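The model shown is predicted, which means the values in this text are computed figures rather than measured ones. Below, each value reflects all heavy atoms present in this structure, side chains not excepted, and no hydrogens, waters or symmetry copies.
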Amino acid sequence: MAIVLGTPGVDGLSQAEGVLREWQYEGAPMQLHPGDLGWFWRLGAEATAAAVRTWSRDGRIVAVGLLDSPGLLRLTIAPDAQRDERLAQQVVADVTEPERGVLPEGRVNIDAPRGALVQDLLFQDGWNAADPWTPLRRDLTEPVEDPGVRIEVAGPEQAHVFAAVQRAAFDRSRFTDERWHTMAAGSPFADARCLVAYDDKDNAVAAVTVWSAGPGRPGLLEPMGVHREHRRHGHGKSITVAAAAALQELGSSSALVCTPSSNVAAVATYKSAGFQQRAVVRDLCRGD
């Protein structure tokens, strides 16, 4: 059967989201999650659809990619097709040749699951390992402790509070109230929660968005940040514990997060909140 590369369009996003949910399971390598699609949705349904690539065989999606930026493809593959040689060869050809509409010429990166044949073929084709990332996981089969601060779920009326903390937590963030409402209108947000932590002076000090992939499947934190004026007070740990509790309430089997290994403070924060560090992963890069 021929393998077909496609861009789903807005009407096809639900199908791509659905397979991403199905592919999340305990023990899976760190991979593209429906929450990644949900967070990208803040830019709008049309922009999200334009950033998604699918590979299908006989009408079944067997791989999904998200262009997190024009030069970064985050790719995942159906569990039963991770070592499928024909699929891997097709994906490598599609990402290597710019005219196929996946990645441009020049320096580009691909985030593919550890152990997938695609990684092996890209290495053979001259791609190199990029900077390391650290995945972390917290099991949710046991009760989650109290975070120790007031936590509120940010709905439409609190969107401006969440957006303000988001901008204050990330230097280049352009997150706005409008983007919150756009994100919340996306289908992945039906199983998501935005949380805000408050200190004892009622200041909004940290925020996180959590994404469930459905009961019994790993959930994702994306993103988590602490207001730049309220750091070094343990708020990162508190909001991360609250995130784990929220995912547990949504039925998630575990909570996942991934951060650049160079961000030592973030790794330490997640570990302080009960997350266990997993094996480092690396994107593959091409070009100078």
Side-chain angles (χ1 to χ4, degrees), residues 6-24 30-56 61 63-70 72-76 78 102 111 152-167 169-170 172-196 207-225 239 242-244 246-252 255-258:
T7 300
V10 173
D11 292 344
L13 282 175
S14 61
Q15 186 181 9
E17 179 195 347
V19 297
L20 287 177
R21 287 175 178 269
E22 292 174 8
W23 296 348
Q24 310 303 315
M30 197 70 193
Q31 62 177 331
L32 189 66
H33 189 278
D36 295 307
L37 209 64
W39 177 243
F40 198 96
W41 213 298
R42 70 195 186 279
L43 304 179
E46 291 79 9
T48 304
V52 171
R53 299 292 182 272
T54 59
W55 285 263
S56 301
I61 296 177
V64 177
L66 174 67
L67 288 163
D68 237 350
S69 68
L72 169 60
L73 178 71
R74 301 187 60 194
L75 174 73
T76 197
V102 182
D111 168 23
E152 287 193 357
V153 176
E157 298 301 321
Q158 296 81 33
H160 65 288
V161 177
F162 181 89
V165 176
Q166 183 73 25
R167 290 193 301 273
F170 297 94
R172 293 187 295 274
S173 175
R174 298 180 179 178
F175 197 81
T176 61
D177 308 13
E178 181 180 358
R179 287 192 172 181
W180 187 93
H181 288 285
T182 299
M183 177 179 72
S187 57
F189 197 80
D191 291 324
R193 299 288 185 274
C194 290
L195 308 178
V196 177
V208 67
T209 303
V210 298
W211 305 88
S212 168
R217 300 182 186 276
L220 180 72
L221 282 67
E222 175 60 26
M224 185 280 287
I239 195 71
L247 284 173
Q248 188 176 61
E249 290 175 6
L250 289 165
S252 298
L256 304 176
V257 68
C258 196

Return a table of donor-acceptor pairs under 3.5 angstrom between the side chains of residues 179-189 and protein atoms on other chains or two or more places apart.
from	atom 1	to	atom 2	distance (Å)
T182	OG1	E178	O	3.0
S187	OG	E17	OE1	2.5

Who passes salt bridge (charged side-chain N to carboxylate O under 4.0 Å, His left out) against R74, sequence neighbours left out? D36, D68, D111
About how many Å separate OG1 of T54 and CG of L66, when rounded to the nearest 0.5 Å? 12.5 Å
Separation between OG1 (T176) and CD (Q166), nearest 0.5 Å, reads 10.5 Å
If a pair satisfies salt bridge (charged side-chain N to carboxylate O under 4.0 Å, His left out) and one of its residues is in residues 210-220, list it, with sequence neighbours excluded. none
Minimum heavy-atom separation for A163 to D177, with atom names? CB-OD1, 3.6 Å
Given 3.5 Å as the limit, does a donor-acceptor pair link the side chain of R167 with the main chain of F175, or not? yes
Which donor-acceptor pairs under 3.5 Å do the side chains of residues 37-52 make with protein atoms, sequence neighbours left out?
from	atom 1	to	atom 2	distance (Å)
R42	NH1	W39	O	2.8
T48	OG1	G44	O	2.8

Could you pull out the closest heavy-atom pair between P223 and F170, with the gap in Å? CB-CZ, 4.1 Å
How far apart are the closest heavy atoms of L75 and A63, and which atoms are they? CD1-CB, 4.4 Å
Using the test side-chain contact (heavy atoms from CB on, under 4.5 Å), find all partners of V257 that sit at least two apart in sequence or belong to another chain. L136, L221, Y270, F275
Minimal non-hydrogen separation, A243 against V208, with atom names: CB-CG1, 3.9 Å
When rounded to the nearest 0.5 angstrom, what is the spacing between OG1 in T209 and CZ in R193? 11.5 Å
If the condition is side-chain contact (heavy atoms from CB on, under 4.5 Å), which residues does D191 pass it with, not counting sequence neighbours? R21, S212
Any side-chain heavy-atom pair from T7 and R53 closer than 4.5 angstrom? yes
As an exercise, state the distance from CD1 of I239 to CE of M224, rounded to the nearest 0.5 Å. 8.5 Å
So, for H33 and P218, which heavy atoms are closest and what is the spacing to 0.1 Å? NE2-O, 3.0 Å
Among residues two or more places apart or on two chains, list those pairs meeting side-chain hydrogen bond (donor to acceptor under 3.5 Å, both in side chains) that have a residue in residues 156-165. none
Residues in side-chain hydrogen bond (donor to acceptor under 3.5 Å, both in side chains) contact with Q31, at least two apart in sequence or another chain: T76
Return the minimal non-hydrogen interatomic distance between L195 and A242, and the atom names on each side. CD1-O, 3.6 Å
For E249, give me all partners under side-chain hydrogen bond (donor to acceptor under 3.5 Å, both in side chains), at least two apart in sequence or on another chain. none
